[in-house]
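Encoded as structure tokens, the structure appears first; notes follow it.
Below, chain A is the first sequence line, B the second, and so on; all start at residue 1.
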Protein chains: 2
Amino acid sequence: MNITGENIIGAEKSSGNQETVTVMDPKSQQMLPEQFHVASSDEIELAVQKAQRAFAEFSRLSGSRRAEFPRAIAEEILRLDVALIERAMKESGLPEARFKGERGRTVGQLRMFADLLEEGSWVEATIDCALLERTPIPRADIRKMLVSTGPVVVFPASNFPLAFSTAGGDTASALAAGCPVIVKAHESHLGTNELVSKAIQTAAEKTKMPDGVFSSLTGNGYELGSMLVKHPLIKSVAFTGSHRGGLALHKLAQERDEPIPVFAEMGSINPVLLLPSAVETNHKLAQIILGSVTMGVGQFCTNPGLLVAIKSPALGHLKEALQEEFAKAGSFTMLNEGIHKNYESLKKETLAHNSIRPEAVVEHDDTEWSGKPAVVSVDAGDFIGNADLHREVFGPFTMVVECADAHELASVVCSLEGQLTGTVYGEEMDFNEYSAAINELEHKVGRIMFNQMPTGVEVCAAMQHGGPYPATTDSRFTSVGTGAIRRFVRPQTFQNWPQSRLPKALQDGNPLQIWRWIDSNWTKR
Amino acid sequence: MNITGENIIGAEKSSGNQETVTVMDPKSQQMLPEQFHVASSDEIELAVQKAQRAFAEFSRLSGSRRAEFPRAIAEEILRLDVALIERAMKESGLPEARFKGERGRTVGQLRMFADLLEEGSWVEATIDCALLERTPIPRADIRKMLVSTGPVVVFPASNFPLAFSTAGGDTASALAAGCPVIVKAHESHLGTNELVSKAIQTAAEKTKMPDGVFSSLTGNGYELGSMLVKHPLIKSVAFTGSHRGGLALHKLAQERDEPIPVFAEMGSINPVLLLPSAVETNHKLAQIILGSVTMGVGQFCTNPGLLVAIKSPALGHLKEALQEEFAKAGSFTMLNEGIHKNYESLKKETLAHNSIRPEAVVEHDDTEWSGKPAVVSVDAGDFIGNADLHREVFGPFTMVVECADAHELASVVCSLEGQLTGTVYGEEMDFNEYSAAINELEHKVGRIMFNQMPTGVEVCAAMQHGGPYPATTDSRFTSVGTGAIRRFVRPQTFQNWPQSRLPKALQDGNPLQIWRWIDSNWTKR
């Protein structure tokens, strides 16, 4: 499939604007030849108007009918075959195996939401039947279910060009919720975006979805994003990226006449408590840490950027092992120039602190955008007192915080901001001695783990990918797993509503055979 | 029980500040004798610090243990007996029967949340067991449930001095969620607030809840409220009141370093579509409308402030009947001077529009704060084009919008902002002819009704009291019914977590015997 640089506006391909942008190959640092048309304000307006028009029909489709769309998107993505993998590799510098895996995850997510729609119970149908004999006043027939909120703007992530971009988790969950989607294409992988957008467009056509159910627009700087977020017909925003970017969108959305939710996933240092039993007995710990820190060149939101441990001879040995492992580790191309520059400058700023001890830090070779894995250490007191050291260094970087005792370990956890994940390495019996730190860690994170590294986020019903601010703007929602659909729906109550006009999910006789909450029980009757 | 004017700060009663405020009796327009101490900034800080300290313990109590607290609050409120009813009557001008009913609702809500905690399934336990044989990578054991977010500030409503005030739905649901509560006492009913706050304090003591689980503070102007909302340890805010007040708190909360959710319920005109079949055949319609418009002197958030109908001789008859009914209706004291002034001035501004026809509007007697029921009419074209006429006139007021046909009826609905409720009066066969208007109404409201007036909000599992902006700041949540608890919780995932350390709700063997989501099914196994 040729890359033409067009914007996708519902069923149309559009290149009205002569202004174009290009994409860089991060490995060669050469511009790729394709020119991508920047969406004009007319094209932006058209995409939003079409999304709004599509909403009325799309939000009322039955679950099984709506499920055809994500299922067809998965098919069309697979049909792109090597062309997609090659383009994604070229635009990201990441290897083939990674994209075969990521494509599997992308297709898997789309099918998971199709399954969810077909099963149908996700609408949380709740029924309180009429109590006509109740005194002093009878109770009406009251029924509730989740319904769609309206058009969604998706700002994709740079670090998952497939699984968290154009047809990624945000788009899949918003479409599943019955909300049309407008993607602001990520400037680092515009070609990958175009291939996937056209696959979605084809899927929409084949499954006869309303025109406007999906659009994808290319921008230049902040204009496109802010126009979309400020548009009164847009009802929510999903974003994955930097703290600064996420917060700017959140502020913009709150300053609208009608404030709207921005689900921003903005990063995390993902603290790992290495309890003495683990440090003393787990001889693979240094390798496990290196593997997790360097996965995806450290460009994962769940990268373990903080290792908190108690000073001991064993910790000394672990640091030596880390030095050895990190020194041996290769370095790989990072996603784009901005991420690479940011990694190098934050690493440099961190190292400039007097209290920081470089454990394994290799000098940077400026000719390549490659991320050299690095590990530093610091004493707990210095860490607690210095907010700069709590910042995420996005890339293959981690910091060992050395504590005097269990009390100081708890103090380090107390000093942390909200995080996506928290991890405890140790033995079960440690929970008594370190309960203060572990309990505090629970309050700070969305997902807490035992003896497993935080990288590798499972896509499933029980996953919570999200956490207290500033990890995300709203800890009450997840961007990964079936729960992600809840971001784009609201409960609606039908009172004394005619049976024939009720959505099927709420009708007597339960024609969809879904689980419903009736009289304090889930039932399929 | 004596009213002492003290602030309630956890287990303490405090009157450190010599500055005091008083409350007016709206019937006599005389100041009541009691002096209420304004909370000092030290007292505010103490209440927040205590709430934060209480959070760690309170949020980890088992459901059955935590349920003791709302159940004891209900007991203590009943124990206040006539003293509470009399004080609430004196401070609000509302009659005894109303408060007997409202007390029943308040106590009922508290017990409903106690039942919910004891039953336990509300935590939405979700379990994905490990798949150790899965290729290419095994799946870890992943379990998710809802956990508490942190201290909540409640801004009570003036119009429900019991059921939506100090121990009302917001407080009950936040406490049920495991979040300590700080109430900013409503300035119109400080005595009622004190009686209820002391009942809650006694209940906390009797059930041995941690000190700081509940506080109630009196303020003077905006200072107390803004100090609480801006405090970094506060994690969410619940508010019921004016659009201006709710929006101001929302903005304040979004400008914090850590933005937090503000659940503001800000009012609604609750459109009622009177379809021709209803106008022609329902001869009690005028009485039904009057009853709903004047319930609680029109001071209900679900007051039907807009009646949309198609011009016809039958509509002429209905208007005559409304004139007759409204003219006969008595007028009753409104809640406070501000509400009364606002009612009179908005009514006057509305009547000043050329397009408005007064149908039954009585001249106001300035010596009393009483709300005279009023009905006006307007042509659809004039209504659609004039945003002023879409404002809520809080009080016993309604407006008939007269449309030429079904198309204009739909246009009126399209022109509306988000609403708490929408109502259709008619016959089932009307749904075909008026589907455009009815479908559009669904998108605009949180609760939609057929042949029932919106006043009288049932407290149950299927209730959605909330709706698209500007009815509330967040249509994804409800402030009435068991669903209200969801505002104050977030999902948390435990991955590979030791069985013995998992919350009981997630343990193998389901020791709490709750409903859990496992393998796409709700099960108690």
Inset, instruction - Please state whether the side chain, the backbone, both or neither of Leu116(B) comes within less than 4.5 Å of a heavy atom of chain A. - result: neither
Inset, instruction - Look up atom OG in Ser59(B) and atom CG in Asn439(A), then write down how far apart they are to the nearest 0.5 Å. - result: 9.0 Å
Legend entry - Minimum heavy-atom distance between Gly483(A) and Lys144(B), given as atom pair plus value: CA-NZ, 4.4 Å
Legend entry - Best-contacting candidate, Ile438(B), Ile127(B), Thr493(B), against chain A by heavy atom pairs under 4.5 angstrom: Thr493(B)
Legend entry - Part of Val489(B) within contact of chain A (heavy atom distance under 4.5 Å): backbone
Legend entry - Sub-4.5 Å side-chain heavy-atom contact between Met463(B) and Gln495(A): yes
Legend entry - Heavy-atom closest contact (Gly446(B) atom, Arg490(A) atom, distance): CA-NH1, 3.9 Å
Legend entry - Pro491(A) to Ser475(B) - nearest heavy-atom pair and separation: CD-O, 3.7 Å
Legend entry - Side chain / backbone / both / neither for Glu119(B) at chain A, heavy atoms under 4.5 Å: side chain
Inset, instruction - Go through Asn432(A), Thr421(A), Val147(A) and name the one with the most non-hydrogen pairs under 4.5 angstrom from chain B. - result: Asn432(A)
Legend entry - Flag side-chain contact, heavy atom, 4.5 Å: Val424(A) against Trp497(B): yes
Inset, instruction - Check whether Thr423(B) gets within reach of chain A through its side chain, its backbone, both or neither, counting any heavy atom under 4.5 Å. - result: neither
Inset, instruction - Identify the two heavy atoms, one from His443(A) and one from Ala56(B), that lie closest to each other, and give their separation to 0.1 Å. - result: NE2-CA, 4.3 Å
Inset, instruction - Among the options Phe494(A), Trp122(A), Phe431(A), pick out the one with the most heavy-atom pairs lying under 4.5 Å from chain B. - result: Phe431(A)
Legend entry - Pro470(B) portion near chain A, given a 4.5 angstrom heavy-atom threshold: neither
Inset, instruction - With a 4.5 angstrom heavy-atom cut-off, could you sort out which part of Ser121(B) is near chain A: side chain, backbone, both or neither? - result: side chain
Inset, instruction - Check whether Asp141(B) gets within reach of chain A through its side chain, its backbone, both or neither, counting any heavy atom under 4.5 Å. - result: neither
Legend entry - Pairwise distance OG1(Thr149(A)) to CG(Asp474(B)) - rounded to 0.5 angstrom: 10.0 Å
Inset, instruction - Keeping the roles fixed (side chain from Thr126(A), backbone from Ala462(B)), state whether a donor-acceptor pair exists under 3.5 Å. - result: no
Inset, instruction - Measure distances from Trp517(B) to the heavy atoms of chain A and classify the residue's part below 4.5 Å as side chain, backbone, both or neither. - result: side chain
Inset, instruction - Determine whether Gln254(A) and His250(B) make a side-chain contact, defined as any pair of heavy atoms from C-beta on separated by less than 4.5 Å. - result: yes
Inset, instruction - Sort Ile518(A) into side chain, backbone, both or neither according to what part of it lies under 4.5 angstrom from a heavy atom of chain B. - result: neither
Inset, instruction - Against chain B, work out which of Arg139(A), Glu255(A), Glu417(A) has the most heavy-atom pairs shorter than 4.5 Å and name it. - result: Arg139(A)
Legend entry - Contact leader toward chain A among Arg486(B), Lys251(B), Arg143(B), where contacts are heavy-atom pairs under 4.5 Å: Arg486(B)
Inset, instruction - Could you tell me which portion of Arg487(B) (side chain, backbone, both or neither) has an atom closer than 4.5 angstrom to a non-hydrogen atom of chain A? - result: backbone
Inset, instruction - Specify which of Thr473(B), Thr523(B), Thr478(B), Asn521(B) makes the most heavy-atom pairs with chain A at under 4.5 Å. - result: Asn521(B)
Legend entry - Gln492(A)-Arg447(B) side chain donor-acceptor pair, cut-off 3.5 Å: no
Inset, instruction - Give, as side chain, backbone, both or neither, the part of Asp115(B) having an atom under 4.5 angstrom from any heavy atom of chain A. - result: neither
Inset, instruction - Flag the pair Asn496(A) / Met449(B) as yes when at least one side-chain heavy-atom distance between them is below 4.5 Å, and no otherwise. - result: no
Legend entry - Straight-line distance of Tyr469(A) OH to Asp257(B) CG, nearest 0.5 Å: 7.0 Å
Legend entry - Note, Arg476(A) side chain near Phe477(B) side chain (heavy atom, < 4.5 Å): yes
Legend entry - Salt bridge present between Glu442(A) and Arg501(B) (N-O < 4.0 angstrom): no
Inset, instruction - Would you mind checking which part of His465(B) comes under 4.5 Å of any heavy atom in chain A, side chain (CB onward), backbone (N, CA, C, O), both or neither? - result: neither
Legend entry - Best-contacting candidate, Arg134(A), Met145(A), Glu440(A), Lys524(A), against chain B by heavy atom pairs under 4.5 angstrom: Arg134(A)
Legend entry - Residue pair Glu258(A) / Pro468(B), side-chain heavy-atom distance below 4.5 Å: no
Inset, instruction - State, to 0.1 Å, how close Ile142(A) and Cys460(B) come at their nearest heavy-atom pair, and which atoms those are. - result: CD1-SG, 4.0 Å
Inset, instruction - Would you mind checking which part of Lys235(B) comes under 4.5 Å of any heavy atom in chain A, side chain (CB onward), backbone (N, CA, C, O), both or neither? - result: neither
Inset, instruction - Take atom CG of Asp519(A) as the centre, draw a 6.0 Å sphere, and report whether it contains more than 12 heavy atoms from other residues, nucleotides or ligands. - result: no
Inset, instruction - Counting only heavy atoms closer than 4.5 Å, note whether Arg256(B) contacts chain A via side chain, backbone, both or neither. - result: backbone
